[in-house]
Every structure is written in structure tokens, then in C-alpha cells.
Amino acid sequence: MLGSLNQCSVAPQAPKPINSMNYATFNRSISYNLLRRAFPIRAYCTVHSSKGNNLFSRISPVRRADLIIPVLDQWVVEGRKVTSLELQRIVRDLRSRKRFSQALQVSEWMSVSGLCPFKSGDCAVHLDLIGVVHGWEAAECYFNNLTDEQKNDKTYGALFNCYIRECLVEKSLAHFQKMKKLGYASCTLVYNNLMCLYRSTGQLERVSDVLSAMKENGVTPNNFSYRICINCCGERADFSGMEKLLEEMESQPFISVDWITYSMMANVYIKAEFKEKALAFLKKLEDKLHKDPIGYNHLISHYANLGNKEEMLRLWGVQKIVCKKQINRDYITMLGSLVKLGDLETAEAMLKEWESSNHTYDFRVPNVLLIGYCQNGLVDKAEIMLQDIIKKGKTPIPNSWAIIAAGYLNTHKMEKAFECLKEAIAVRAQNPGWRPKPHLVSTISKWLGDQHDTREQEAFLSSLKTVVTVNKDVHDTLGNTEASGIGEKNEIEEIVKL
């Protein structure tokens, strides 16, 4: 449970026998208790070139999770103090950045070092992190090894969240019933999580039933409770139900309706092509924005979806005055909106404005215009633009070359597509998580085969092994290459959708 990760003291224990799990799963689930033995020379590992004056400045640059514990040990070797409050803050910060493996290592060190008390909130956070990193079985194993005293509302809630995150309906509902019997299900967040379970498993009609149950059981709904119900009504095209829920929400003295709710309402009506309704909620959205730049991003994206460039530009001007500082995300939103409307000229001017603003160079910004060029058949112009950026001393991310490769593929310039994809693979280090799209890989591989260039084809497939496990279908250049697990998506739609 997202909001239940608060308190439960825990000390390392010998794990109970687990007959229902195979050895591999069991080994994975208890690995967090063996870490201290896994690094016998931790204090001597050269993992921290930074001599930061605070612990987070040491930990933050470390990307490999298995090197977090040596950093913590070295901090102690240097005679520096650690506090529970500081470690909790570091865990919280790492989680917010989705660096769950690193957060788990800090939490584990905190639990076994004996230098700080491992309180009840730390126990529940630890359980949740185990679920994220190792899966629900490992989290369940950890929970089962807690004492009865340690199995409180917080740890029950954390395990409940693990089940819900993985959409385990039967386990979630059975666990919810246990929580009810123990008196642990009187929290708004428990019911909100139950709503999330029904929504993520497609049982939209049951979400409003949970809201009714909350009221019957004296549990007060919050903004999120109403928003998820409104969203589910929208997905079911129940516009009347959606409006009634909003009216009820607006009438509650304990709820302040924010811009997010009006953004959801506007989004539903935009998709349903009820323009007047959408515009009415966009006005309410704007009235609630104050100085929230993310809200302006949403509002600009909505007007892009309505095809209203005039309002987009007006709001961009207002945002620059009200929010004062624009970051890369704001330019990505505005560029994506302009490209969606096909206004490449204004997008070019916007990109020049960004380049002159001395922002940290993020290739995701110019990539938006590269996509726009390719979508409009201006692939050569896209390549020239990228080459110009490279001449200025910038090293592109592989995504930039892949965009152009896909553009050449769509215009049947296979040799150019092949060369650009090779360039993308060559700069993979700039974005290790990058994966080429299966259709791009299979089409180029088949083209090489048709050219009877077996040596080039084998070299190409060999280079791909550094990027993705190439399956038999790609080698054969036939069949379904989706097995590689790399999905297709429309990048501009993702940008303006927010």
C-alpha cells in the first residue's frame, strides 16, 4: 500500500522453512539477508570518486546497486556518523527517482548495520522495496518471517500494495479480508488501492462500488478516490456518472478540487469530441493553475489535441511570465504540440530559443523536431540537422539516429536506414536502455539478405547482441519479432498526451 509504508521494527532473523517456493525463488527472496557476507572487502572498494561532505552526495552517483553498501561502509570507516533520519531521506529520494535497487541496498544496510534503529516505518518500506525489486513472492517470504508483533497495519498494507502492483486479484482480495478482520482496513489509502486493482484489471464498474463501501464504512474519500472513479466513468463513456461524481466532489468541504481533476474531465471530453464541454473544463483548469508548470504543460497539450495553436502560444507566454523559468520538459511539451499540429516553422524557432537559453543539452528536445521532420517526409532535413548538432561537439543518443533510420525506412531508402541504425548502435553508451524497434531490425536484416550480403548481415546481427538478445525470428528475418519485447509507439502522441 503506497501510503502505508510507515512503521515496524525488525531485526535480521533466520528464515522459516518455505516448502511452497522453488529453490531459485527462495534464494532470491532471502538474498537481501546475505548481502553483508557478500562484500567482505567493502571498505576497500574504489566506488566513490566523489569526496562529498554528505552521504547522499556519495550515494547518488553510484548506479550499480551492489556498490551502495561499500560506500556506506566507507563512510563509517572515515569516522562519519549516520542517522536514521538521513538514511530514511536517502531511501525516500532514491525511491522517488525509481532507483529501487539502490534504495533497497540502503534499507538493507540500515537493517543489519546496527548503527541506527530500524523502526516500523523502515520495515514496511523495506518490504515494499523487496516487492518492487524481487517480486511479490520475495515480499511475501519477508512478511511471513516477521513476528506477530511486526505484522501490523503498516506491513500488512505494504504487502497488500505488492499484490495490487502485480494485479493479483485473488491474493489482494483475500489479504484485504484479513486486514478487515484485524481492523487494518479503515484507511482511505487501502480502499484507493482496491480501486486501482479493479481499474488495472478492467473491472471498471466495481470501482464505484468501492467508493460506496468507503462511505458505508465511515472511511472518508479523498481527491484520489474521486479522481479514479471519475476516470473509470470516462473510460466507460458514462458522462452523466462522471458529472455527478464531480458535483459531489466539489460539494465536499474537506476536498479542494485541483487542476488535475479538471484536466481529467477535459481529456475525456476531448477524446469523445465534445469540444464545448472540453473547453469549459479547460477554463476551470486554467483558473486552478497558479504557478504550476506541469499544469501548464497539460493545458497546452490539451489545446494541441483540440488543434488550437493560438491558445497554446498564449499559454506558453503566460507560463514564461508566471513560472519565470522553463526547463527542458516544458520545451519538449511545446515542441511536441507544435509538431502535432504540423507547424514545423514555429517549432524550429522554438528549438532555437531553447538552444540559446543555455539549458543542459538534452537530446530529447531536438528529437521532437527530428520526429516532426520524419513524419512529414523531410528525412534528409532531419539528418542534416542532427549532423549540424554533432559538428557543434554534441554526442547524440541512439534514439536520435534511430528516429532518422525509421524515417528512411518509411521512404524505402534502405541503405540510408541501415547506415543510421549502425550509427545508433555505435552511440548506445549514451543511453544503455535504448532498444531498436523490432520492425526496423527485421526489415533491414531482410533487406541485407535480399542483397545477398551475408557477411554484412551477420556483422549487423552480431552488433545487435550488444543491444538486445536477437531471437531466431530476427536471424531468419521472418515471422513475429515482437518476442524481443520491444514495443512500437507513436512518440508525438506520448509527448502531448502527458
Side-chain angles (χ1 to χ4, degrees), residues 195 199 202 204-205 207-208 211 221 223-252 255-323 326 329-343 346-347 350 368 372 375 489-498:
M195 290 184 189
R199 182 179 182 273
L204 304 181
E205 67 285 349
V207 174
S208 57
L211 182 65
N223 278 36
F224 184 84
S225 311
Y226 280 106
R227 281 205 293 262
I228 192 170
C229 288
I230 288 170
N231 192 57
C232 288
C233 283
E235 289 184 39
R236 294 164 54 204
D238 180 6
F239 304 119
S240 174
M242 191 171 69
E243 297 269 7
K244 286 178 181 177
L245 281 166
L246 179 62
E247 289 176 9
E248 181 181 323
M249 185 180 182
E250 290 175 325
S251 69
Q252 300 295 342
I255 287 180
S256 176
V257 183
D258 56 18
W259 67 261
I260 298 173
T261 304
Y262 293 126
S263 181
M264 287 175 53
M265 296 289 292
N267 188 52
V268 170
Y269 283 123
I270 289 170
K271 288 181 177 178
E273 298 185 354
F274 293 160
K275 184 176 179 179
E276 294 305 317
K277 279 279 191 181
L279 289 171
F281 283 107
L282 290 179
K283 293 299 182 187
K284 289 188 175 185
L285 192 169
E286 186 173 354
D287 290 340
K288 291 283 185 176
L289 282 184
H290 305 302
K291 296 182 179 181
D292 191 329
I294 296 178
Y296 277 99
N297 283 196
H298 278 252
L299 189 53
I300 288 169
S301 296
H302 286 317
Y303 278 113
N305 288 325
L306 287 171
N308 193 330
K309 186 176 73 173
E310 183 179 341
E311 280 298 290
M312 283 166 41
L313 294 174
R314 178 186 69 81
L315 288 162
W316 176 247
V318 172
Q319 182 182 353
K320 288 201 285 188
I321 294 170
V322 173
C323 302
Q326 282 65 57
R329 177 200 62 214
D330 304 319
Y331 280 97
I332 288 171
T333 298
M334 194 62 193
L335 282 166
S337 298
L338 289 167
V339 167
K340 183 179 179 67
L341 299 187
D343 188 354
T346 306
M350 186 72 63
V368 179
Q375 287 181 340
K489 70 177 181 180
N490 185 318
E491 289 89 345
I492 291 299
E493 290 298 328
E494 290 296 316
I495 290 168
V496 298
K497 183 173 65 178
L498 289 176

Go through the steps for Leu279 and Tyr303 under the test side chain to side chain contact (heavy atoms under 4.5 Å, CB included), then give the verdict.
-> CA-CA 9 Å; Leu279 289 171; Tyr303 278 113; 3.8 Å; yes
Begin with the C-alpha distance, continue with both residues' side-chain angles, and end with the deciding distance and a verdict on salt bridge (Lys or Arg N to Asp or Glu O under 4.0 Å) for Arg227 and Asp258.
-> CA-CA 10 Å; Arg227 281 205 293 262; Asp258 56 18; 3.1 Å; yes
Let me see the working for Tyr296 and Val322 under side chain to side chain contact (heavy atoms under 4.5 Å, CB included), right down to the final yes or no.
-> CA-CA 10 Å; Tyr296 277 99; Val322 173; 4.0 Å; yes
Tell me, with the steps shown, if Ile300 and Gln319 meet side chain to side chain contact (heavy atoms under 4.5 Å, CB included).
-> CA-CA 10 Å; Ile300 288 169; Gln319 182 182 353; 3.7 Å; yes
Please test Met242 against Arg236 for side chain to side chain contact (heavy atoms under 4.5 Å, CB included), starting from the C-alpha separation and ending with a verdict.
-> CA-CA 10 Å; Met242 191 171 69; Arg236 294 164 54 204; over 6 Å; no
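By the 4.5 Å heavy-atom criterion applied to side chains, Trp316 and Leu338 are not counted as neighbours. The shortest distance between side-chain heavy atoms of Val268 and Phe239 falls below 4.5 Å.
Across every non-hydrogen atom of Leu211 and Ser225, the tightest pair is CD1-CB, 4.4 Å. Taking each heavy atom of Leu285 and Gly295 in turn, the nearest pair found is CD2-O, 4.2 Å. Closest non-hydrogen pair, Ser337 versus Ser301, comes out as OG-CA, 4.1 Å. The minimum heavy-atom distance linking Ala304 with Leu341 is given by the pair O-CD2, 3.4 Å. Looking at every heavy atom in both residues, Cys232 comes nearest to Leu204 through SG-CD2, 3.8 Å. The two atoms that bring Ala347 and Val339 nearest to each other are CB-CG2, 4.4 Å, heavy atoms only.
The line from CG of Leu299 to CG of Leu289 is 6.0 Å long, rounded to the nearest 0.5 Å. Going from atom CE of Met312 over to atom OG1 of Thr333 covers 10.5 Å, rounded to the nearest 0.5 Å. For the atom pair SG (Cys229) and CZ (Arg199), the distance works out to 11.0 Å, reported to the nearest 0.5 Å. Separation of atoms OG (Ser263) and CG (Asn297) is listed at 11.0 Å; rounding is to 0.5 Å. Rounded to the nearest 0.5 angstrom, Tyr226 OH and Cys233 SG are separated by 12.5 Å. Leu306 contributes atom CG, which lies 10.0 Å from atom CD of Glu311 (distance to the nearest 0.5 angstrom).
Residues Tyr331 and Gln326 have side chains that never bring a donor and an acceptor to within less than 3.5 angstrom of each other.
Although no hydrogens or angles enter the test, the distance criterion places no donor-acceptor pair under 3.5 Å between the side chain of Asp238 and the main chain of Gly234. Within the 3.5 Å criterion, the main-chain N or O of Glu248 finds a donor-acceptor partner in the side chain of Ser251. Using modelled atom types, no side-chain atom of Asn223 and backbone atom of Val257 make a donor-acceptor pair closer than 3.5 Å.
Partner of Leu282 under the side-chain contact (heavy atoms from CB on, under 4.5 Å) criterion, chosen from Lys277, Met265, His302: His302.
No salt bridge links Glu247 with Lys244; every basic N to acidic carboxylate O contact stays at or beyond 4.0 Å.
A centroid separation of less than 6.0 Å is found between the aromatic rings of Trp259 and His298.
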